[in-house]
Amino acid sequence: MENSISISSLVSDLTCSNCHKSYSLFEEQTYASCCNKPLLVNYHLEEHILQEEIIGQEQSIWRYAAVLPVLDPINQISLGEGSTPLFNLQKLASRYGFNKIYLKDESQNPTGSFKARGLSVAISKAKEFNRSKCIVPTAGNAGGAMAAYCAKAGMEATVVMPVKTPSIFKEECRLYGANLILVDGLINDCAKKVAELNRDHDFFDVSTLKEPYRIEGKKTMGYEIAEQLNWKLPDIIIYPAGGGTGLIGIWKAFKEMKKMGWITGKLPKMFAVQSSKCAPIAEAIKDSKNWQTNFIPSATIANGLAVPFPFGMDLMLQVLKESEGAVCMIDDSEIIIGLKEIAKTEGLIISPEGAATWKALNQLCLKGIVKQSENILLLNTGTGYKYFENL
Ligand SMILES: Cc1ncc(COP(=O)(O)O)c(C=O)c1O
């Protein structure tokens, strides 16, 4: 790649999230760092850069192109992702005595989930590196999103998905023209299949956090939340964590905005929600050294939360610690109750992953960890319409 492209992005370099070794942004860095940990993208961010100097006019994630890693705007592959609504769940809040509950509704993204944000940026980078074949292991939503963005970019998509995923996730991949490979197991088994296929093929592998770009797309949720709330962040954010890109990305956005002076004061406490059937974060907090040895995960109706061995575990734990947050576990039966309650009260059919955040809020209040008087933001990461088979 030429170093002389006109750069609209403020991107500076990449660093290993463990030892902070710097990597060039002009070389393709699709695999983990020297320490086998995620690579993170850095920007030339100065104090006192005004919002007007950075934020564009687009009603999509690309309004934040200056803090995204795509160098030449010609490479942006967009389906209109981002700029999702922030609902005020007034009825639910007053029924249960809360001051304010916001819901960032990511179901309105292309392909029905927040995965569109990350895949838009990752596939744009694949284009910037002149790549033509992409691969991803997925619990469902990321596969559909990658297939759609590859279709738009004219690239070949290979999606590796657990066989026990609702059929709509499989059908959408096929409709977008992807090669779909079904695996008996969870996403970690799909990741093994991807590693095997990588040995013989020249894929651009967008496995969660093994490349540095999806998280950059996901971080735009943090920028949007701040902009939509007029740069005054909520006290509490509750996020359904699988691989953790959203959690890590939102926190990264907050720190970037703090550096630029856009937000001040204490950042929100970040809470991760997992299914009781697969809660590796809770296991890692209990026993950081040996948790993987006896951990037996199983499938959940919240498919996106069935990520038994997340590659970004250290970064997730760091976010929870730095923000003074915690992890919650919710049973599938509770998730279904929460999903139905939000549908009947607020007229929104949200994903089981999103519904888990509402039940987690109740749990956190019962334990006295969160107060009803605090300003709370829940993330609905996807549409519930894809999960009817699970319900
Ligand atoms: C709807 C939904 N919510 C949450 C997640 C978890 O996302 P992450 O892996 O970024 O933590 C997924 C992942 O597949 C998902 O599809």
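Here the structure is a predicted model, which is why all the values come from computation and not from measurement. Order of listing sets the numbers, starting from 1, for every ligand and every atom in it. Positions are given from 1, in the same order as the sequence printed here.
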By side-chain contact (heavy atoms from CB on, under 4.5 Å) - contacts of S207 (at least two apart)
P137, V194, D205, K210
Can you tell me which residue pairs pass the ring-ring contact (aromatic ring centres under 6.0 Å, His included) test with a partner in residues 369-391, sequence neighbours excluded?
F169-Y387, Y385-F388
Hey, is ligand 1 close enough to Y239 that some N/O pair sits below 3.5 Å?
yes
Going by the atom numbers of ligand 1, which of them fall below 4.0 Å from some non-hydrogen atom of P240?
4 (C), 6 (C)
Out of T84, N380, T381, which one pairs with K104 under the side-chain hydrogen bond (donor to acceptor under 3.5 Å, both in side chains) rule?
T84
Any idea which protein heavy atom is nearest atom 7 (O) of ligand 1, and the distance to it?
F114 CZ, 3.2 Å
Heavy atom to atom 12 (C) of ligand 1, shortest distance: which of K115, E106, E353 holds it?
K115
Which residue and heavy atom of the protein sit nearest atom 11 (O) of ligand 1, plus the separation:
G244 N, 2.6 Å
For T245, the atoms of ligand 1 under 4.0 Å from one of its heavy atoms are 8 (P), 10 (O), 11 (O)
Regarding K252 and E216, does a basic nitrogen lie under 4.0 Å from an acidic carboxylate oxygen?
yes
A241 to ligand 1: N or O pair under 3.5 Å?
no
Residues R117 and E81 bridged, charged N to O under 4.0 Å
no
Work out whether the distance between some heavy atom of F311 and some atom of ligand 1 is less than 4.0 Å.
no
Polar-atom distance check: N141 versus ligand 1, any N or O pair below 3.5 Å?
yes
G242 heavy atoms within 4.0 Å reach ligand 1 at atoms 6 (C), 8 (P), 9 (O), 11 (O)
Kindly indicate whether a cation-pi arrangement holds for K125 with F129, taking the cut-offs as under 6.0 Å to the six-membered ring centre and within 45° of the axis.
yes
Quick check on G246 - does any of its heavy atoms sit under 4.0 Å from an atom of ligand 1?
yes
Do ligand 1 and G243 have nitrogen or oxygen atoms that lie under 3.5 Å from each other?
yes
So, regarding G382 and ligand 1 (criterion: nitrogen or oxygen to nitrogen or oxygen, under 3.5 Å), is there a contact or not?
no
Flag the pair P280 / P308 as yes when at least one side-chain heavy-atom distance between them is below 4.5 Å, and no otherwise.
no
Using side-chain heavy atoms (C-beta onward) and a distance below 4.5 Å, is E172 in contact with K386?
yes
Check ion pair E324-K266 (N to O, under 4.0 angstrom):
yes
Under 4.0 Å from a heavy atom of T381: which atoms of ligand 1 are those, numbered in the order shown and with their elements?
1 (C), 2 (C), 3 (N), 4 (C)
Please verify whether a non-hydrogen atom of K218 lies at under 4.0 Å from ligand 1.
yes
Relative to the ring of W231, is the ring of W262 parallel (under 30°), tilted (30 to 60°) or perpendicular (over 60°)?
perpendicular
So is Y387 polar-close to ligand 1, meaning N/O to N/O under 3.5 Å?
no
